[in-house]
Protein chains: 2
Amino acid sequence: MIESRFGPNGGNRLPQPDTKNRLLEAAERLFASEGLSRTSLRAITCEAGVNVAAVHYHFGSKDELLVELVRRRIAPMNEERLARLDAIERASEGGPLPLEPVLRAFVEPAFRFRSEMSGHEQLGRFFGRLYAEPEEILESTLREIFEDVAKRFRDAFARAVPHLPDDELDWRFHFLVGTVVHTLMGRREMQAPTDDPPPDQEVIDRVIRFTAAGLSAPVEMGQ
Amino acid sequence: MIESRFGPNGGNRLPQPDTKNRLLEAAERLFASEGLSRTSLRAITCEAGVNVAAVHYHFGSKDELLVELVRRRIAPMNEERLARLDAIERASEGGPLPLEPVLRAFVEPAFRFRSEMSGHEQLGRFFGRLYAEPEEILESTLREIFEDVAKRFRDAFARAVPHLPDDELDWRFHFLVGTVVHTLMGRREMQAPTDDPPPDQEVIDRVIRFTAAGLSAPVEMGQ
DNA sequence: GTCTATAAAAGGATAGAC
DNA sequence: GTCTATCCTTTTATAGAC
């Protein structure tokens with residue numbers, strides 16, 4: 001038998017009752033599938049198999065749990081993005097940057113981040129939620145976490161697509177983010193209940209093709 | 001003095017107390033700025049200056065109010081899209097379709113719809129909310145309203161960009177929607193508190209340039 | 001660190017007077 | 001059609017035993 005000195009929950013999971021991580025993973029799952037504000041603390045603690053009070057003990061409040069989640073999940077993704085961008089910039093030795101690798105440095109970590117989260121599939125939705133349901137408390141956290149990435153990549157794209165005016169570049173970067181976020185959300189317009197989701201790499205390649213062409217487009221209208 | 005036979009609210013607005021429209025407009029505003037699930041009935045009725053019970057009298061429930069709102073707002077936009085697509089298809093006489101007009105037929109009504117709503121600025125957000133916070137009750141309504149548009153435009157794009165395989169076309173349509181929705185939401189990555197928002201037509205042209213290039217891109221990788 | 005119990009507030013909904 | 005008053009549920013949060 002399993003030793004039960006940890007109480008009713010005792011020992012049936014990990015050697016040390018890592019309630020905190022269980023809560024984070026449960027919250028992540030529910031935030032992604034149900035939405036930020038529609039997910040209650042009770043749902044989270046129930047999913048995690050812990051007590052309601054645990055959230056307040058470990059995080060203080062639902063909002064602080066959300067912030068902690070963002071820090072744990074988004075920050076590493078952005079670090080990976082920046083590391084890859086660093087490598088590209090080092091290799092370029094001050095010259096123009098190759099567009100597609102820069103794009104991949106931005107896009108691929110987002111998809112990897114999606115498939116790695118808690119071993120669940122559709123967790124890219126969590127990412128989308130952050131954009132669509134901006135809790136007041138997240139405003140500053142998100143800005144802080146994304147500010148550096150946004151600035152660095154904007155400059156990188158400026159070096160990769162030098163023919164673009166600044167304002168046009170800003171907008172195209174915005175369109176790129178829209179494409180990625182919407183795709184991470186996993187909502188498809190056509191393609192009714194297509195049984196199995198396609199492999200990430202295939203989708204990534206499609207995103208890259210689309211956005212690379214969009215970013216490279218001439219600034220005059222084809223009218 | 002204003003006649004007061006309409007009670008405490010009497011006569012201080014419109015000749016007939018169009019509570020229903022006031023509720024719709026208030027809900028629209030709050031759904032857009034605060035989010036669907038974070039907006040309470042009390043907030044809506046307060047904003048509208050009417051009584052809490054009015055929502056249930058006129059709509060039956062919060063959910064039904066939302067559905068009514070969607071029908072009133074999204075349906076006309078999609079009708080305009082389809083009318084414009086009809087015209088393009090008639091003019092083409094069975095031949096290939098010109099990409100940019102088809103794109104504009106899809107994109108421009110969405111922006112017009114945004115700036116016309118209740119005379120308020122950032123109401124495109126409401127549109128984005130519908131995508132990001134799919135209330136269960138909306139699933140069927142949204143599917144019903146968008147099904148026709150999605151199918152018709154998918155086929156139109158197939159005729160406009162005939163070199164694309166079906167699956168690639170589906171994805172690029174998906175990317176187009178992502179670009180439009182994210183842009184309608186009005187969240188900018190760069191461009192901190194840029195004072196005045198740019199005119200719609202300028203943004204539309206940028207969206208068209210980006211997505212036209214993305215849709216026309218060759219299917220092989222530039223690697 | 002975890003639990004039970006409960007406070008305190010906010011949410012949607014409805015009945016019934018006017 | 002509109003208002004007041006109220007019911008019931010759910011929510012976040014906390015106090016205090018273990």
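All values reported here derive from a predicted model rather than from experimental measurement. So that the names make sense, note that chain A is the first sequence line, chain B the second, and so on, each numbered from 1.
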salt_bridge(B:Glu47, B:Arg22) N-O dist < 4.0 Å: no
Atom-to-atom span, CG of B:Leu36 to P of C:dG12 - whole angstrom: 12 Å
Whole Å only: how far is the CG atom of A:Leu23 from the P atom of D:dA13? 14 Å
For the residue pair A:Ala110 and A:Arg81, what are the closest heavy atoms and their distance? CB-NH2, 3.7 Å
Contacts under 3.5 Å, N or O only, protein and nucleotides 4-9 of chain C:
residue: C:dT4; atom: OP2; partner: A:Asn51; partner atom: ND2; Å: 3.2

A:Lys62 (side chain) donor-acceptor with A:Thr39 (main chain) under 3.5 angstrom: yes
In this structure, how many angstroms lie between the P atom of D:dT11 and the CZ atom of A:Arg38, rounded? 12 Å
Separation of B:Leu41 atom CG from D:dT9 atom P, in whole Å? 18 Å
Expected output is a numbered-order residue list: members of residues 55-63 of chain A with a heavy atom under 4.0 Å from any atom of DNA chain D. What is it? A:His56, A:Ser61, A:Lys62
Which is it for A:Thr211 and B:Phe210 under the side-chain contact (heavy atoms from CB on, under 4.5 Å) test, yes or no, and what are the steps along the way? CA-CA 8 Å; A:Thr211 55; B:Phe210 184 86; 4.3 Å; yes
Main-chain N/O of A:Lys20 paired with A:Asp18 side-chain donor or acceptor, under 3.5 Å: no
Are any of B:Ser40's side-chain N or O atoms less than 4.0 Å away from OP1 or OP2 of C:dG11? yes
Decide, yes or no, whether a salt bridge links A:Glu79 with A:Arg84 under the criterion of side-chain N to carboxylate O below 4.0 Å. no
What nucleic acid atoms does A:Thr39 come within less than 4.0 Å of, heavy atoms only: base, sugar-phosphate, or nothing? sugar-phosphate
Side-chain N or O of A:Thr19 closer than 4.0 Å to phosphate OP1/OP2 of C:dG1: no
With a 6.0 Å cut-off on the ring centroids, do B:His182 and A:His182 count as close? no
Among A:Val149, A:Leu142, A:Asp148, A:Thr141, which residue meets the side-chain contact (heavy atoms from CB on, under 4.5 Å) test with A:Ile145? A:Thr141
When rounded to the nearest 0.5 Å, the distance separating CD of A:Glu89 from CG of A:Leu82 is 9.5 Å
Can you tell me how far C1' of C:dG1 sits from CG of A:Asp18, to the nearest Å? 13 Å
Nearest whole angstrom, please: distance from the C1' of C:dA10 to the CD1 of B:Ile44. 15 Å
Do the ring centers of A:Phe106 and A:Phe173 come within less than 6.0 Å of each other? yes
Consecutive-pair stems (3 or more, Watson-Crick or G-U, under 3.5 Å) for DNA chain C: C:1-18 with D:1-18
Whole-Å distance between C:dG1 P and A:Arg22 CZ? 15 Å
Check: A:Ser37 main-chain N/O paired with B:Arg38 side-chain donor or acceptor under 3.5 Å: no
